Peer 1: 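Sharing a structure below in structure tokens format, with a few things to ask.
Since the model is a prediction, treat every value here as computed from it, not as a measurement.
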Amino acid sequence: MGSKKPNRRGFLKGGAALAGVAAGAAQSAKAEPPLAELRAKGTSKEQIAYGDRSPYETSMRAPVVERTSPDAFGLMFHVNAPLQDLVGAITPSSLHYVATHRGSFIPNIDPKEHRLMIHGMVDRPLIFTMEDLKRLPFVTRQHFIECAGNRAKATHKTVQDTHGLTSSSEWTGVPLSLLLKEAGVQKGASWVVIEGAEEVKGASSIPLGKAMDDCLVAYGQNGEAIRPQQGYPLRLMVPGFEGIFQTKYLRRIKVVEQYYMTYNDYGHISPDPKVAALANQIGPKSVITFPSGGQKLPAPGFYEISGLAWSGGGAIRSVEVSTDGGKNWKNAELRTPSYPMAHTRFGFHWKWDGKECEIQSRCTDELGTVQPTRAQSAKYFNQPLDKDFRAPGTDNTVLPWRIASDGSVHNGLA
Ligand SMILES: Nc1nc2c(c(=O)[nH]1)N[C@H]1C(S)=C(S)[C@@H](COP(=O)(O)O)O[C@H]1N2
Ligand SMILES: [Mo]
């Protein structure tokens, strides 16, 4: 918070500004069925066995605006997470974004049949069953994933459209370094090629230094087995790297002596070595999820601006919010622990005066890197913005939301 801590009671005292109604007046019109009726209906085995959300909660993933899923062949492409509806820093597994870069049927893998092979430039090629992996020392960490295709453009309406290709989960698995040490990496090795088990393979190459640093061979997501859409039964987590490196349905790791071009790298790798070296790490990025495009503020008064910040460079150090089109910036509060390469939730107290305005957020990570504006990014890449105002490179730029005097919220690029 800027200089002075706000006084919470102050907000409550100014209660007229809040949209609350006196107790008693806000009773729901629909009455609960009487207990006898509920009793007669009984409790289903399913309700007892595996929980469902309330039927009143209808938040959904949605295909990216640019491509339908499933397509005419039944293939699934990129599907956005409903960031506008989420609270906290963890994306519920059922709402985690999904990206299958060449289109895919989600494979149905029997974990008893699944194997992970580590081979190539190693002293002892190894094959692990899922049971083998679960016997080994594990770690649990929160990490975000973001697709390189997560880019806002002027025609997008909601934060689900502009930023929905990122999600954050708590992942559990075995450090990749442990498996590689067990296999014994040979002298001269410098890259690993990672391959998935489904028809498109999802292969990508990562530097050995990263593989030995903080990568996870993950089988757990948010306290249970990884969901099929996220790579059941096993995926590689490469914290902070672009989504394409987070190989799902992980089945093969080959230790090699040089960079290997895979099918997936096509279109992702730049011939400019400087760009290529930086391209796989996600820059510091943040976005306001409330109020955001498509929502409406019912009246002037107090609102808590809320949003998410994340960086491939480490933990989020600070988030600033501007409510006057980027002229003045004030520190937001970090409302969740800022773990390295994980979504961090921020909050910011705000009183809307009912006038048209523009709100935006920008973050700084632990390396001191500041999230750029679109203009700064265009200057850095020495490339103009296109007609949709898409940022060049991977888009980690600041996104403004414009609030009209009727309270409706719109994409500030439009
Ligand atoms: N095997 C496999 N791994 C894959 C992909 C894929 O299609 N197949 N898609 C990649 C892409 S492009 C992204 S952005 C992330 C998305 O992970 P998610 O679907 O769990 O959100 O997985 C990556 N790993
Ligand atoms: Mo992706």
Side-chain angles (χ1 to χ4, degrees), residues 58-86 91-108 144-169 196-204 226-232 235 241-249 262-270 279-280 282 285 287 289 292-294 308 310 374 377 383 385-397 399 410-411 413-414:
T58 54
S59 185
M60 304 250 205
R61 297 194 283 223
V64 292
V65 176
E66 292 74 18
R67 197 155 193 178
T68 47
S69 284
D71 71 0
F73 302 98
L75 294 173
M76 178 165 178
F77 287 92
H78 289 24
V79 174
N80 283 325
L83 300 188
Q84 68 281 0
D85 302 325
L86 305 183
T91 315
S93 303
S94 301
L95 296 175
H96 192 290
Y97 91 90
V98 187
T100 68
H101 33 231
R102 306 286 165 211
S104 180
F105 299 105
I106 302 302
N108 178 357
F144 77 84
I145 310 182
E146 181 176 17
C147 182
N150 203 26
R151 32 182 54 250
K153 60 184 195 185
T155 49
H156 287 152
K157 300 272 182 266
T158 67
V159 71
Q160 184 162 11
D161 301 339
T162 59
H163 287 73
L165 288 175
T166 183
S167 295
S168 206
S169 285
E198 97 279 40
E199 71 277 19
V200 299
K201 300 285 186 284
S204 58
I226 285 186
R227 291 289 173 91
Q229 289 90 349
Q230 264 68 63
Y232 183 86
R235 90 176 299 165
F241 273 34
E242 278 177 12
I244 202 140
F245 295 95
Q246 326 288 334
T247 302
K248 303 192 269 192
Y249 322 110
T262 64
Y263 185 44
N264 290 334
D265 295 329
Y266 179 74
H268 273 252
I269 290 289
S270 164
N280 46 26
I282 300 278
K285 188 164 176 179
V287 70
T289 56
S292 62
L308 292 168
W310 63 98
R374 271 183 154 58
S377 165
Q383 218 175 289
L385 300 175
D386 69 8
K387 64 169 180 18
D388 284 325
F389 291 99
R390 271 181 303 198
T394 47
D395 178 6
N396 69 321
T397 58
L399 182 80
H410 308 268
N411 184 339
L413 301 175

Peer 1: Would you say the side chain of His156 lies within less than 4.5 Å of the side chain of Glu66, judging by non-hydrogen atoms?
Peer 2: yes
Peer 1: I'd like to know if the side chain of Lys248 reaches the main chain of Gln229, judged simply by a donor and an acceptor atom lying under 3.5 Å from each other, with no hydrogens or angles considered.
Peer 2: yes
Peer 1: What are the two closest non-hydrogen atoms of Pro63 and Ser69, and how far apart are they?
Peer 2: CG-O, 3.5 Å
Peer 1: Answer yes or no: is there a donor N or O on one side and an acceptor on the other, between the side chain of Asn411 and the main chain of Lys153, under 3.5 Å?
Peer 2: yes
Peer 1: Between Ile282 and Phe241, does the side-chain contact (heavy atoms from CB on, under 4.5 Å) criterion hold? Intermediate values first, please.
Peer 2: CA-CA 6 Å; Ile282 300 278; Phe241 273 34; over 6 Å; no
Peer 1: Rounded to the nearest 0.5 Å, what separation is found between the OH atom of Tyr249 and the CD atom of Gln230?
Peer 2: 8.0 Å
Peer 1: With rounding to the nearest 0.5 angstrom, report the CG to OG1 distance, Asn280 to Thr394.
Peer 2: 9.5 Å
Peer 1: Working note: Thr91 + Leu83, criterion side-chain contact (heavy atoms from CB on, under 4.5 Å); need CA distance, chi angles, decisive distance, verdict.
Peer 2: CA-CA 9 Å; Thr91 315; Leu83 300 188; 5.6 Å; no
Peer 1: So how far is it from Leu86 CG to Leu308 CG, rounded to the nearest 0.5 Å?
Peer 2: 7.5 Å
Peer 1: Answer yes if the side chains of Ser94 and Arg61 hold a donor-acceptor pair under 3.5 Å, and no otherwise.
Peer 2: no
Peer 1: Would you say the side-chain atoms of Ser292 pair up with the backbone N or O of Gln84, donor to acceptor, closer than 3.5 Å?
Peer 2: no
Peer 1: Out of curiosity, Ser169 OG to Ile226 CD1, how far, rounded to the nearest 0.5 Å?
Peer 2: 8.5 Å
Peer 1: May I ask you to decide if Thr158's main-chain N or O and Asp161's side chain share a donor-acceptor pair within less than 3.5 Å?
Peer 2: yes
Peer 1: Run the side-chain contact (heavy atoms from CB on, under 4.5 Å) test on Asn80 and Leu165 for me, step by step, so that the C-alpha distance in whole Å, both residues' side-chain angles and the decisive distance to 0.1 Å come before the verdict.
Peer 2: CA-CA 5 Å; Asn80 283 325; Leu165 288 175; 3.2 Å; yes
Peer 1: Verify, without hydrogens or angle tests, whether Asn150 (side chain) and His163 (backbone) share a donor-acceptor contact under 3.5 angstrom.
Peer 2: yes
Peer 1: Atom CD of Glu146 and atom OH of Tyr97: how far apart are they, to the nearest 0.5 Å?
Peer 2: 7.5 Å
Peer 1: Quick one: does Pro228's side chain get under 4.5 Å of Asn108's, heavy atoms only?
Peer 2: no
Peer 1: For Ala148, does its backbone N or O pair with a side-chain atom of Glu242 as donor and acceptor, under 3.5 Å?
Peer 2: no
Peer 1: So which heavy atom on Ser204 is nearest to which on Ile244, and how close?
Peer 2: OG-O, 3.6 Å
Peer 1: Nearest 0.5 angstrom please: Phe77 CZ to Asp71 CG, how far?
Peer 2: 5.0 Å
Peer 1: Which one of Lys285, Arg390, Arg374 satisfies the salt bridge (Lys or Arg N to Asp or Glu O under 4.0 Å) criterion with Asp395?
Peer 2: Arg374
Peer 1: I'd like to check Ile145 versus His96 (side-chain heavy atoms, cut-off strictly below 4.5 Å). Are they in contact?
Peer 2: yes
